[in-house]
Each structure stands twice: as structure tokens, then as C-alpha cells.
Amino acid sequence: MNILLLGSGGREHALAWKLAQSRLCTKLFAAPGNPGIADHAELAALDAADHAAVLAFCEAQRIGLVVIGPEAPLVDGLADSLRSAGLAVFGPSRFAAQLEGSKAFTKELCERHAIPTAAFARVAAEAEALAALDRFSIPVVIKADGLAAGKGVTVAMTRAEADAAVRDIFSGRFGEAGAEAVIEEFLEGEEVSFFAITDGHTVVPFGSAQDHKRVGDGDSGPNTGGMGAYSPARVLTPLLEGEALERIVLPTVRGMAQEGMPYSGVLYAGLMLTPQGVKLIEYNCRFGDPECQVLMLRLEDDLAEIMLATAENRLAALPVPRLSPDPALTVVIAAEGYPGTPLKGGAITGIAAAEALGAKVFQAGTACEGEALIACGGRVLNVTARGATVSEAQVLAYRAVDAIRYPGGFCRRDIGWREVARERAEPAGR
Ligand code: AMP
Ligand code: GLY
């Protein structure tokens, strides 16, 4: 079977690496891809926003499965366009992708199906938002409704900050994404990501992870798309994972099906472990980046087989996907300036040396310039390793990081710190 993978980041490099190993995969194409993905796939210059062009490519190359990596084409309905032409697609429909595409949609779905989440108010104008703020205590969370490239959320520590965030959203800074907003109760606790794969009916757990959103060590500085991750997140104990499945993910999947928009693909739940139980912070309709990189390093089954079964509504017939009990950890090397304007063009060497040390280096924002590999994005490389413990995976990953020469780059030096501290306190626990 020929497979087409859409996307160009570190997440897609990890997916490409795994798809290319599938016994089902005859030939893998990726669009637009990146130099790392090109090691596993033939790259095609396709624009995911041009549905007719993607469809024509699929027909010409006899594509048997399309995997859509990022959220934007999903929210834009690419899966619908391809499915209506009879193609097998891994990724939710436009309606189902609202779980990520509209925060208000998700909050109201939670309300209809009694799914535990932060109390909220949906607001469509500045005055309405400012009035609604009176009903919340501080800290309070303000979110632009739509996709805002991870920049639409403010956790306001003062009322003045909350007012400023509201004005910012309704100033039009986020375009369509800021036409509406959600104001939310602040949830206290530790955050964890939980992944499930579903064909709309059958739901299988697909592992947990913990991301590191702040740019600096000790969780300091501005938010980013993620500076590193590890999996599994042991803080999501089997008991809590069961609670997340029973009270959050299953009612969501059932609710979406009942309401005529069955969700098919990977459902990424951002959870808060609060003293009152597990609560949903948000859903994403795709794999996390860089969480996908650690999940792929742990996945012991055939990814294309799982994705095709999902696309063809026969997930129930497959064994539950197996992830290695050995943890994986990934360190993001970003370009100086990220998450602001990243420095472009620095030369990167040493990837082979890093991999010779046992790590896997996924490429995110890279490009070829003649023979040289250069940086061309905010997050540039994801240095990923597996070990018997998170502490061991961390040591291996940083040893590989230190083998890479990329003078314009930087990384956090403390990825996995929460779990490393837990392992120190409780060395036998695994
Ligand atoms: P989101 O884009 O919804 O994931 O929000 C970005 C980040 O803001 C999350 O990863 C949390 O760290 C934080 N956040 C969002 N909603 C809440 C909430 N209700 N309470 C506490 N923190 C939140
Ligand atoms: N790493 C966070 C995300 O993919 O949304």
C-alpha cells in the first residue's frame, strides 16, 4: 500500500519513521515533509489547503492511506474531502475536529455530557467578557475560541491582566480565532497528556506523556509549543488513567457519535490532576508535538496497521496497541529567539554521531542548503532516547544532544525533571 503523510514537523518525522517500517507500506510519500522525513519518504510539493490537488495526487499515486499530521488541515475539512472520494484517512472530520478548533464547542459538549472540566463562560464581545470576569476568582484563564497557534491562552494572575487579555482577544489580533472567547476557572494540579485512538466507536488507550511548555529551565519564561516531553507520565496512575477514560474520553467519543459527528483518529486529552479528580483542560485532534516523538519510540506495533484499521472502522478487531514499558524522553533543540522570531540558517552537524550514541534525532525546522543541513524554524531538532527509567533516558538524550553541533540553537537542560525527582525519591518504582 502507498501511504501519504501530510505535515513537516518533528511529529511527522516520527510518524514517517514508524510508517516506513510498516509491513503494509510499499511506498511512503510526504508533503511537504523536511530533510529528516526525506530519509523515509519521497517528498511531494503539495499544499494541504488545496484539497483538489491532494486528491489528484492520491489518485495518481494510488494512495491507500492518508495520514494528516497537523490540526489546521483537519479543522479545514481535508479529511472530509478525501473521504468523500473514497480514500482511507487517519484524522477526524471537520465537525469532529472542532474538539480542537473551538474551545467553546468542547466546553459545551462537556456540559451536555457531564464531562469534568473547568467551569466556563462563553463570550462574544469585550463588554460581555469583562462582565463575565466578575463571576470568576483570580487566577482566571482566558482563551481565544479558535486555533491561535498556541498563543490564544492567558492564565491571568491579576484582574488587570485578565482585562488586558480580554481586550487583546477582541482587538482582532487573532482574526477569526478571536471572534469569541472562553473564560475559565483556573484548575490547580499537575498537567498530563493522555492519548487515545478511536474509530468513532472503539477506543484504545495510546499512552501518556508530559510536555514542558515554558521555554526555560525550571519552567520559566514564555510558553512554547513544547520544549521536550517524556512518556509514560507515571503520575497518571492506572487508576487515574481508568478515570480519564471512563469519565472523559469515552463520554466524549460516545457523545460525538450520538450527535452525528463521530470522531476518528487520535484524541489527545490535556488533563489536570486536581484534588477533585481528573479534569479535561483541552482536546487536540492530532498527536502532540513533541509528545508524538516519545510515543513512536515506545510503540511496538505496526503504526500503519493501527491507522488503517482506524480509518476503516475496524479498530475492535485489532489487539490493543502495545507501548514499551521503557520510558522515552525527547529534548527539543530550538533556534535562538524562539518562541519569538527564531534565528534562521545556522548549520547543523553531528546527527549521525548523536544517533551512534543510541538516540533517534527527529528533524522539525530544518532545510537543506547544498550539502549542508540548516535550521529554518523555531523548533529545529528533537533528540529522543529510551531507557529503563526516565532518568536513564534523560542521560542518553542529553549525551546525544551534546554530540550535535548547532551554534545557533539552545535547549532546556531539565526535561523530565518532575519524573526524575520522583524516581530519585522512589527508586524501585516503575
Ligand atoms: P490550552 O491551549 O488550552 O492547552 O492552554 C494552554 C495551557 O494553559 C495549558 O497547557 C495549561 O497549562 C494552561 N491552562 C489552560 N486552561 C487552564 C485552566 N482552566 N486552569 C489552569 N491552567 C490552564
Ligand atoms: N506539545 C503540545 C501540543 O502539541 O499541543
Side-chain angles (χ1 to χ4, degrees), residues 7 9-12 14-15 69-72 74-75 97 99-107 110 115-121 136-157 161-162 165 169 174 177-178 181-195 208-215 219 222-231 233 266-276 278-296 330-332 334 338-339 362 364 378-379 382 384 412 415 418:
R11 167 182 52 210
E12 285 77 23
L15 293 174
E71 63 277 17
L74 293 165
V75 171
L99 281 181
E100 175 163 2
S102 168
K103 310 239 184 229
F105 172 88
T106 300
K107 297 302 282 189
C110 288
I115 294 164
T117 186
F120 76 105
F136 290 83
S137 51
I138 300 294
V140 63
V141 185
I142 295 109
K143 302 181 175 181
D145 180 63
L147 292 184
K151 300 194 174 79
V153 176
T154 302
V155 178
M157 302 311 287
E161 218 184 308
I169 287 177
F174 300 108
V182 167
I183 295 174
E184 274 184 31
E185 165 202 13
F186 176 78
L187 297 176
E188 212 77 63
E190 188 165 338
E191 255 183 275
V192 58
S193 304
F194 175 58
F195 298 85
S208 62
Q210 200 164 45
D211 190 10
H212 300 59
K213 291 231 165 94
R214 303 286 182 147
V215 75
D219 293 329
N223 256 324
T224 69
M227 293 299 293
Y230 69 90
S231 171
V266 58
L267 188 57
Y268 158 2
L271 304 174
M272 192 72 90
L273 308 181
T274 79
Q276 295 77 38
V278 184
K279 293 194 182 180
L280 178 72
I281 300 174
E282 60 152 6
Y283 275 129
N284 294 304
C285 64
R286 47 162 177 92
F287 280 110
D289 188 348
E291 292 91 327
C292 183
Q293 290 80 318
V294 282
L295 293 176
M296 291 306 127
T330 189
V331 177
V332 171
Y338 180 75
F362 296 116
R379 293 185 293 175
N382 314 133
T384 315
R412 278 180 63 161
I415 299 304
R418 280 194 182 81

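For ligands, and for the atoms within them, numbers begin at 1 and follow the listed sequence.
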K.L.:
Distance under 4.0 Å, heavy atoms only, partner ligand 2: which residues pass?
P.N.:
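Shell around ligand 2 (4.0 Å, heavy atoms): Asp211, Gly225, Tyr268, Asn284, Arg286, Gly288, Asp289, Pro290, Glu291.
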K.L.:
Which of the numbered atoms in ligand 1 are below 4.0 angstrom from a heavy atom of Lys213?
P.N.:
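Listed by number with element: 10 (O).
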K.L.:
Please work out, at 4.0 Å between heavy atoms, whether the side chain, the backbone, both, or neither of Val153 comes within that distance of ligand 1.
P.N.:
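Under 4.0 Å from ligand 1, Val153 contributes side-chain atoms alone.
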K.L.:
Using the test salt bridge (charged side-chain N to carboxylate O under 4.0 Å, His left out), find all partners of Glu282 that sit at least two apart in sequence or belong to another chain.
P.N.:
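So Glu282 forms a salt bridge (charged side-chain N to carboxylate O under 4.0 Å, His left out) with Lys103.
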K.L.:
Could you tell me whether Asp219 and Arg412 make a salt bridge, using a distance below 4.0 angstrom between a side-chain N and a carboxylate O?
P.N.:
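Yes, charged N to carboxylate O under 4.0 Å.
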K.L.:
Applying salt bridge (charged side-chain N to carboxylate O under 4.0 Å, His left out), name anything that partners Glu190, two or more places apart in sequence or on another chain.
P.N.:
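Only Arg418, Arg422 meet the salt bridge (charged side-chain N to carboxylate O under 4.0 Å, His left out) criterion with Glu190.
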K.L.:
Please work out which of Glu184, Glu191, Lys103 has its closest non-hydrogen atom nearest to atom 12 (O) of ligand 1.
P.N.:
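Considering heavy atoms of Glu184, Glu191, Lys103, the nearest to atom 12 (O) of ligand 1 sits in Glu191.
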K.L.:
So, do Glu12 and Pro70 sit near enough that their side-chain heavy atoms are less than 4.5 Å apart?
P.N.:
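They are in side-chain contact.
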K.L.:
Within a strict 4.5 Å, meaning less than it, do heavy atoms of the Tyr230 and Ile415 side chains meet?
P.N.:
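No, every pair of side-chain atoms sits at 4.5 Å or beyond.
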K.L.:
Mark up the atoms of ligand 1 that fall under 4.0 Å of a heavy atom belonging to Phe186, in ascending order.
P.N.:
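Listed by number with element, the hits are 20 (N), 21 (C).
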K.L.:
Over all heavy atoms of both residues, which pair between Phe195 and Ala209 is shortest? Give the atoms and the distance, please.
P.N.:
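In terms of heavy atoms, the two residues are closest at CE1-CB, 4.2 Å.
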K.L.:
Taking N or O atoms only and a 3.5 Å limit, does Ala118 qualify as a polar contact for ligand 1?
P.N.:
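Not met; the criterion fails.
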K.L.:
Which ligand 1 atoms, with their elements, are less than 4.0 angstrom from a heavy-atom of Glu185?
P.N.:
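Within the 4.0 Å cut-off of Glu185, ligand 1 contributes 18 (C), 19 (N), 20 (N).
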K.L.:
Pick one: which of Val215, Asp211, Val332 meets side-chain contact (heavy atoms from CB on, under 4.5 Å) with Thr224?
P.N.:
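For Thr224, the side-chain contact (heavy atoms from CB on, under 4.5 Å) test succeeds with only one of Val215, Asp211, Val332, which is Val215.
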K.L.:
Taking the minimum heavy-atom distance to atom 22 (N) of ligand 1, which of Met272, Glu282, Lys143 ranks first?
P.N.:
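Result: the heavy atom closest to atom 22 (N) of ligand 1 is in Met272.
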K.L.:
Mind checking whether Glu71 and Asn284 have side chains closer than 4.5 Å, heavy atoms only?
P.N.:
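Result no, sub-4.5 Å side-chain heavy-atom pair not found.
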K.L.:
Gln276: what forms a side chain to side chain contact (heavy atoms under 4.5 Å, CB included) with it, not counting sequence neighbours?
P.N.:
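By the side chain to side chain contact (heavy atoms under 4.5 Å, CB included) rule, Gln276 matches Thr274, Lys279.
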